[in-house]
S.K.: 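Have a look at this one.
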Amino acid sequence: MSDVKTPAQTQGEGRVASPRRPREETARLGKVLYERDIRPRVEADHHGEIVAIDVDSGSWVVAEGEIAAVDRLREMRPSAVNVLCERVGYRTLRSFGAGSRRGAG
């Protein structure tokens with residue numbers, strides 16, 4: 001199951017695409033949005049799933065995988081170009097040997 005959350009309806013879908021941001025800025029803004037607005041809402045029920053965030057509008061979706069999350073976000077916001085993905089409950093999207101935040105102090 002996946003959730004779709006959007007900010008106020010005034011952010012119309014037919015909007016012109018935002019200019020592409022530097023990768024580091026997209027990551028920084030996306031992480032702020034995730035920690036402040038999204039993480040508290042998804043952590044309990046979506047552990048291990050992927051959140052795709054349009055950092056320009058604040059829109060986001062949760063899905064089982066990265067491709068599915070980005071596809072759903074782009075269905076909702078076709079002009080989204082500054083997108084960050086986060087894995088719910090983990091420090092990174094992909095890792096080798098790193099664990100979940102569960103159990104970490």
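Computed from a prediction, not measured in an experiment: that's the story for all the values here.
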S.K.: Could you work out, with side chain to side chain contact (heavy atoms under 4.5 Å, CB included) as the rule, every residue matching Leu33, not counting sequence neighbours?
M.R.: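 Listed in chain order: Arg36, Asp37, Ile53, Val55.
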S.K.: Taking the side chain as C-beta and beyond, is there a heavy-atom pair between His46 and Arg41 under 4.5 Å?
M.R.: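 They are not in side-chain contact.
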S.K.: What is the minimum heavy-atom distance between Ala27 and Leu84, and which atoms define it?
M.R.: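 Shortest heavy-atom separation between Ala27 and Leu84 comes out as O-CD2, 3.9 Å.
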S.K.: So do the side chains of Val88 and Tyr34 get within less than 4.5 Å of each other, counting heavy atoms only?
M.R.: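 Yes, at least one pair of side-chain atoms sits under 4.5 Å.
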S.K.: Please report the closest heavy-atom contact between Met76 and Val61, naming both atoms and the distance.
M.R.: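 Closest approach of Met76 to Val61: CE-CG1, 4.1 Å.
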S.K.: Would you say that Arg20 contacts Asn82 through its side chain, given a criterion of any heavy-atom pair below 4.5 Å between the two side chains?
M.R.: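 In contact.
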S.K.: Not counting sequence neighbours, which residues clear side-chain hydrogen bond (donor to acceptor under 3.5 Å, both in side chains) with Arg74? List them please.
M.R.: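 Counting only residues at least two positions away or on another chain, Arg74 forms no side-chain hydrogen bond (donor to acceptor under 3.5 Å, both in side chains).
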S.K.: Only counting residues at least two apart or in another chain, list the ones meeting salt bridge (Lys or Arg N to Asp or Glu O under 4.0 Å) with Arg28.
M.R.: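 Partners of Arg28 under the salt bridge (Lys or Arg N to Asp or Glu O under 4.0 Å) test: none.
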S.K.: What residue among Val70, Leu73, Val51 forms side-chain contact (heavy atoms from CB on, under 4.5 Å) with Cys85?
M.R.: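 The side-chain contact (heavy atoms from CB on, under 4.5 Å) with Cys85 is passed solely by Val70 among Val70, Leu73, Val51.
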S.K.: Return the CZ to CH2 distance between Arg72 and Trp60, rounded to the nearest 0.5 Å.
M.R.: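 Rounded to the nearest 0.5 Å, the CZ-CH2 separation comes out at 10.5 Å.
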S.K.: Mind checking whether Val42 and Glu49 have side chains closer than 4.5 Å, heavy atoms only?
M.R.: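 Val42 vs Glu49: side chains apart.
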S.K.: So does Arg87 pair up with Glu66, basic N to acidic O under 4.0 Å?
M.R.: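 No.
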